[in-house]
**Student:** 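Next up is a structure, given as C-alpha cells.
Along the sequence shown, residues carry numbers from 1.
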Amino acid sequence: QVQLVESGGGLVQAGGSLRLSCAASGRTFSSYVMGWFRQAPGKERAFVAAISKSGAGGAGRYYANSVSGRFTISRDNAKNTVYLQMNNLKPEDTAVYYCAAENSPRDITAALYEYWGQGTQVTVSS
C-alpha cells in the first residue's frame, strides 16, 4: 500500500513558477514509477510527467508535449518524495494536479496507475 499526499499548489500569475511535492508513505517508494497528471474542469485526466524508479540523472523522465521545456519532474527516494517544478506557467495549465504511483506501468502516460493522491489545485491567472 502507498499513500500519496500532494502539496504546493496555489494561485500564480502567468509566467510564474510553482513547485509541487508529493510525499509517499511506506518503505518501498523506490519500487514505483511516479507520475503527475492533471485534470481541468470538464476534461479528462491528462498525463503531465513521469519518472523512473531510480530517477537517476536525466534519463527516465517523460513529459507531455504541452509541458516539455517548462516542467521538470524529479524524485528523492531518501525522502519518499516526487516533485514537479513548473516554470513559465500559462493559464491553460490551470487544473487539479495529481501524483500517482505504479509498480510496472504498461503505459506511463495512461491514467491507470494503482495509487493516487487527493490532488492539489493550480490556478494560473492571465
**Student:** Going by the rule side chain to side chain donor-acceptor pair (under 3.5 Å), which residues pair with Gln85 if we only count those two or more places apart in sequence or in a different chain?
**Tutor:** Asn87

**Student:** Using every non-hydrogen atom in the two residues, find where Ser74 and Val82 come nearest and quote the distance to one decimal.
**Tutor:** O-CG2, 3.1 Å

**Student:** Give me the atom names and distance for the closest heavy-atom approach of Thr81 to Ser21.
**Tutor:** CG2-CB, 4.3 Å

**Student:** Measure the CZ-CG distance between Phe47 and Asn65 for me, rounded to the nearest 0.5 Å.
**Tutor:** 10.0 Å

**Student:** Quick check: closest heavy atoms across Pro91 and Ala14, and the distance to 0.1 Å?
**Tutor:**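 The pair with the smallest heavy-atom distance is CD-CB, 4.1 Å.
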
**Student:** Hydrophobic cluster membership, with links at side-chain heavy-atom distances under 4.5 Å among I/L/V/M/F/W/Y: are Phe37 and Ile51 in one?
**Tutor:** no

**Student:** Under a 4.5 Å cut-off applied to non-hydrogen side-chain atoms, are Ser31 and Asn103 in contact?
**Tutor:**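 Ser31 vs Asn103: side chains touch.
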
**Student:** State which residues pass side-chain contact (heavy atoms from CB on, under 4.5 Å) with Gln121; sequence neighbours excluded, sorted by chain then number.
**Tutor:** Thr94, Val96, Thr123

**Student:** Please name the pair of heavy atoms, one in Ile108 and one in Pro105, separated by the smallest distance, quoted to 0.1 Å.
**Tutor:**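 Scanning both residues completely, I find the closest heavy atoms to be CG2-CG, 3.8 Å.
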
**Student:** Is the backbone N or O of Glu102 less than 3.5 Å from a side-chain atom of Glu114, with the two atoms forming a donor-acceptor pair by type?
**Tutor:**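 Pair absent, no side-chain N/O of Glu114 close to backbone of Glu102.
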
**Student:** Donor-acceptor pair, distance only, cut-off 3.5 Å: does the side chain of Gln118 make one with the backbone of Val5?
**Tutor:** no

**Student:** Filter on salt bridge (charged side-chain N to carboxylate O under 4.0 Å, His left out), then keep only pairs touching residues 33-45, sequence neighbours left out; what's left?
**Tutor:**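 Sorted result for residues 33-45: Arg38-Asp93.
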
**Student:** Below 4.5 Å, heavy atoms only, C-beta onward: do Thr72 and Arg61 meet side chain to side chain?
**Tutor:**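 Yes, side chains in contact.
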
**Student:** I'd like to check Tyr113 versus Tyr32 (side-chain heavy atoms, cut-off strictly below 4.5 Å). Are they in contact?
**Tutor:** no

**Student:** Answer yes or no: does atom CD of Glu92 have more than 12 heavy-atom neighbours from other residues, nucleotides or ligands under 6.0 Å?
**Tutor:**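 For Glu92, atom CD is crowded (more than 12 foreign heavy atoms under 6.0 Å).
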
**Student:** Test: disulfide (SG to SG under 2.5 Å). Region: residues 78-126. Which pairs qualify, not counting sequence neighbours?
**Tutor:**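 Checked against disulfide (SG to SG under 2.5 Å) - neighbours excluded - the pairs reaching residues 78-126 are Cys22-Cys99.
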
**Student:** Treat each ILVMFWY residue as a node, draw an edge where side-chain heavy atoms are under 4.5 Å apart, and state whether Tyr98 and Val48 are in one component.
**Tutor:** no

**Student:** Just jot down the side-chain contact (heavy atoms from CB on, under 4.5 Å) partners of Ala110, sequence neighbours excluded, or say none.
**Tutor:** Asp107, Leu112

**Student:** When rounded to the nearest 0.5 angstrom, what is the spacing between OH in Tyr62 and CD1 in Ile73?
**Tutor:**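 Spacing of OH (Tyr62) from CD1 (Ile73) equals 11.0 Å.
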
**Student:** Listing request: all salt bridge (charged side-chain N to carboxylate O under 4.0 Å, His left out) pairs with a residue in residues 73-90, at least two apart in sequence or in separate chains.
**Tutor:** none

**Student:** Between Ser30 and Asn77 (side chain of the first, backbone of the second, donor and acceptor by atom type, cut-off under 3.5 Å), is there such a pair?
**Tutor:**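 Side chain of Ser30 to backbone of Asn77: no pair is present.
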
**Student:** Is there a continuous path of hydrophobic side-chain contacts, each under 4.5 Å between heavy atoms, that joins Trp116 to Val33?
**Tutor:** yes

**Student:** Only counting residues at least two apart or in another chain, list the ones meeting side chain to side chain donor-acceptor pair (under 3.5 Å) with Ser125.
**Tutor:**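 Listed in chain order: nothing, the list is empty.
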
**Student:** Please list, chain by chain and in numerical order, all residues satisfying side-chain contact (heavy atoms from CB on, under 4.5 Å) with Ser52, sequence neighbours excluded.
**Tutor:** Ser54

**Student:** Which residues pass the side-chain contact (heavy atoms from CB on, under 4.5 Å) test with Val122, sequence neighbours left out?
**Tutor:**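 With sequence neighbours excluded, Val122 shows a side-chain contact (heavy atoms from CB on, under 4.5 Å) to Leu18, Leu20, Met86, Tyr97, Val124, given in chain and number order.
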
**Student:** Got a sec, which pairs hit ring-ring contact (aromatic ring centres under 6.0 Å, His included) with one end in residues 63-90, sequence neighbours left out?
**Tutor:**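 Found none.
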
**Student:** Work out which heavy atom in Ala24 is nearest to a heavy atom in Phe29; give both atom names and the distance.
**Tutor:**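 Smallest interatomic distance, heavy atoms only, reads CB-CD1, 3.4 Å.
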
